[in-house]
Amino acid sequence: MSLRPSSIFVALLGLAAWLGCNHAEAFVPTDHGSDQPFAPGPPTRLTLNPLTDLRPSWLPDGTGILYGYEVVGRADRDRCLAILPASGGTRQLEICDPKPESVDTADAYSAPAASDAGVLAYVLDRSPANSLVPSRSALEVAPLSQPLNATVIQVIPYTLPTGEMHQAVSHVSWLDQDHLVYVGQQVFYPRACSTCPADTLATGRDLVLVDLGGSSPRLSVVPGTALASSVAPGPTPTSIYYTVSGQ
């Protein structure tokens with residue numbers, strides 16, 4: 001798979017190492033900066049949720065936005081998924097845990113992505129309402145028309161055959177109908193002081209490719225993507241864009 005980092009610094013770092021052995025004039029990168037917006041007009045607010053909205057992604061045909069949102073009025077702080085028209089407005093679809101007995105459990109849907117074939121991928125975390133660490137977490141796929149009829153692709157945390165351990169998954173994207181890519185993360189729970197409440201700090205470790213074309217899912221680390229912090233599909237199914245922590 002060919003990789004196309006979105007961070008210019010990554011490319012320049014490799015080029016600088018090569019130039020270190022060459023006495024030619026130093027390379028001067030082209031300035032691609034801009035102080036102009038990508039689209040004319042002021043920013044438009046699309047959602048009116050007073051709580052958290054996060055991790056938006058486009059539907060494949062560009063007609064809507066798939067995203068996660070925190071549910072108002074629930075003590076367990078559930079997070080659901082929704083589809084919103086591209087121009088904003090009323091949610092066209094809401095995906096939440098329907099079980100009434102789950103009111104004492106935080107059910108958090110996140111990292112949604114829809115494929116051209118109408119398949120939805122997402123991460124589902126479940127934990128006691130006041131717990132910091134999920135008691136159950138998994139990457140799942142389901143038909144977009146029946147989003148709760150899901151198949152577990154990978155229980156989280158997990159250890160790959162190469163020894164990498166991932167405690168969380170983010171930035172899930174489809175490359176084609178049989179392949180997903182995402183950021184495998186490590187999670188830390190630092191405290192500012194010995195009596196302070198713990199915080200949650202997730203940091204990217206590797207990019208992971210999921211092959212769904214066989215009898216069972218196959219996971220593999222994308223070579224050379226250590227410390228990747230985000231990922232998005234490239235212009236072809238064999239290319240991706242990604243960023244690196246600290247770059």
Side-chain angles (χ1 to χ4, degrees), residues 46-49 51-74 76-103 105-127 134 136-156 158 168-183 208-219 230-238 240:
L46 300 179
T47 65
L48 299 175
N49 186 7
L51 300 180
T52 304
D53 295 323
L54 69 167
R55 296 285 182 232
S57 63
W58 286 102
L59 293 180
D61 61 4
T63 59
I65 301 167
L66 184 61
Y67 71 103
Y69 68 96
E70 191 174 342
V71 183
V72 176
R74 288 190 62 107
D76 55 13
R77 301 180 71 84
D78 272 9
R79 287 181 176 174
C80 300
L81 301 180
I83 293 178
L84 191 71
S87 58
T90 303
R91 297 180 187 127
Q92 296 175 325
L93 176 69
E94 295 182 346
I95 304 167
C96 297
D97 195 314
K99 303 181 184 68
E101 64 271 20
S102 67
V103 293
T105 302
D107 303 296
Y109 292 80
S110 65
S115 74
D116 290 331
V119 180
L120 176 66
Y122 56 76
V123 175
L124 175 56
D125 297 319
R126 285 198 170 104
S127 63
R136 189 267 191 193
S137 182
L139 173 64
E140 304 183 1
V141 296
L144 189 57
S145 58
Q146 296 178 297
L148 297 180
N149 186 19
T151 298
V152 174
I153 298 302
Q154 179 61 56
V155 175
I156 309 165
Y158 60 87
V169 165
S170 72
H171 297 82
V172 178
S173 298
W174 290 93
L175 299 179
D176 58 34
Q177 63 180 2
D178 290 326
H179 295 88
L180 287 164
V181 67
Y182 64 78
V183 178
V208 178
L209 180 69
V210 184
D211 185 349
L212 301 174
S215 57
S216 61
R218 297 191 301 274
L219 276 64
S230 67
V231 64
T236 69
T238 58
I240 57 176

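What you see below is based on every heavy atom in this structure, not just the backbone, and it leaves out hydrogens, waters and symmetry mates.
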Chemist: Could you please spell out the steps behind the side chain to side chain contact (heavy atoms under 4.5 Å, CB included) verdict for Ser230 and His171?
Modeler: CA-CA 6 Å; Ser230 67; His171 297 82; 3.5 Å; yes
Chemist: With a 4.5 Å limit on heavy-atom distance, are the side chains of Arg79 and Leu54 in contact?
Modeler: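 Result yes, sub-4.5 Å side-chain heavy-atom pair found.
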Chemist: Locate the shortest heavy-atom distance separating Ala113 from Leu66; write the atom from each residue and the value.
Modeler: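 Taking Ala113 first and Leu66 second, the nearest heavy atoms are N-CD2, 3.8 Å.
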Chemist: So how far is it from Asp125 CG to Ile156 CD1, rounded to the nearest 0.5 Å?
Modeler: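 These two atoms lie 7.0 Å from each other.
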Chemist: Roughly how far apart are Arg91 CZ and Ile65 CD1, rounded to 0.5 Å?
Modeler: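 One gets 12.5 Å once the value is rounded to the nearest 0.5 Å.
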Chemist: Donor-acceptor check, side chain of Asp78 to backbone of Asp107, threshold 3.5 angstrom: yes or no?
Modeler: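 Indeed, once roles are kept as given, a pair shorter than 3.5 Å links the two residues.
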Chemist: Indicate the atoms forming the closest heavy-atom contact of Trp58 with Gly64, along with that distance.
Modeler: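 Result for this residue pair: CE3-O, 3.4 Å.
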Chemist: Mind checking the OG1-CG spacing from Thr63 to Leu84? Nearest 0.5 Å is all I need.
Modeler: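 Answer for the OG1-CG pair, Thr63 versus Leu84, is 11.0 Å.
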Chemist: Taking all non-hydrogen atoms of both residues, which atom of Tyr182 and which atom of Ser170 are closest, and how far apart?
Modeler: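 Closest pair (atom of Tyr182, atom of Ser170, distance): CB-O, 3.4 Å.
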Chemist: Could you report the tightest heavy-atom contact between Ser173 and Val231, atom names first, then the distance?
Modeler: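 Looking at all heavy atoms of both residues, the shortest contact is OG-O, 3.9 Å.
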Chemist: Which atoms form the tightest heavy-atom contact between Ala82 and Tyr69, and what is the distance?
Modeler: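 In this case the closest contact between Ala82 and Tyr69 is CB-CE2, 3.6 Å.
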Chemist: Please list every donor-acceptor pair under 3.5 Å in which a side-chain atom of residues 140-148 meets a protein atom from a residue at least two apart or in another chain.
Modeler:
unit_1: Glu140; atom_1: OE2; unit_2: Arg136; atom_2: NH1; d: 2.8
unit_1: Glu140; atom_1: OE2; unit_2: Arg136; atom_2: NH2; d: 3.1

Chemist: Calculate, to the nearest 0.5 Å, the distance between atoms CG and CZ belonging to Asp97 and Arg126 respectively.
Modeler: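 Going from CG on Asp97 over to CZ on Arg126, the span is 4.5 Å.
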Chemist: Does the side chain to side chain contact (heavy atoms under 4.5 Å, CB included) test come out yes or no for Val119 and Leu212, once each step is laid out?
Modeler: CA-CA 12 Å; Val119 180; Leu212 301 174; over 6 Å; no
Chemist: Side chains of Tyr109 and Arg55 only: does a donor on one sit below 3.5 Å from an acceptor on the other?
Modeler: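 No.
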Chemist: List in chain and number order the residues that pass salt bridge (charged side-chain N to carboxylate O under 4.0 Å, His left out) with Asp211, two or more places apart in sequence or in another chain; answer none if no residue qualifies.
Modeler: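 Partners of Asp211 by the salt bridge (charged side-chain N to carboxylate O under 4.0 Å, His left out) criterion, ordered by chain and then number, come out as Arg218.
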Chemist: Under the criterion side chain to side chain contact (heavy atoms under 4.5 Å, CB included), I'd like the reasoning laid out for Leu175 against Leu209: C-alpha separation, chi angles, the key distance, then a yes or no.
Modeler: CA-CA 9 Å; Leu175 299 179; Leu209 180 69; 3.7 Å; yes
Chemist: Taking side chain to side chain donor-acceptor pair (under 3.5 Å) as the definition, give me every residue that meets it alongside Asp116, ordered by chain and number, with sequence neighbours left out.
Modeler: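 Per chain and number, Asp116 pairs via side chain to side chain donor-acceptor pair (under 3.5 Å) with no residue.
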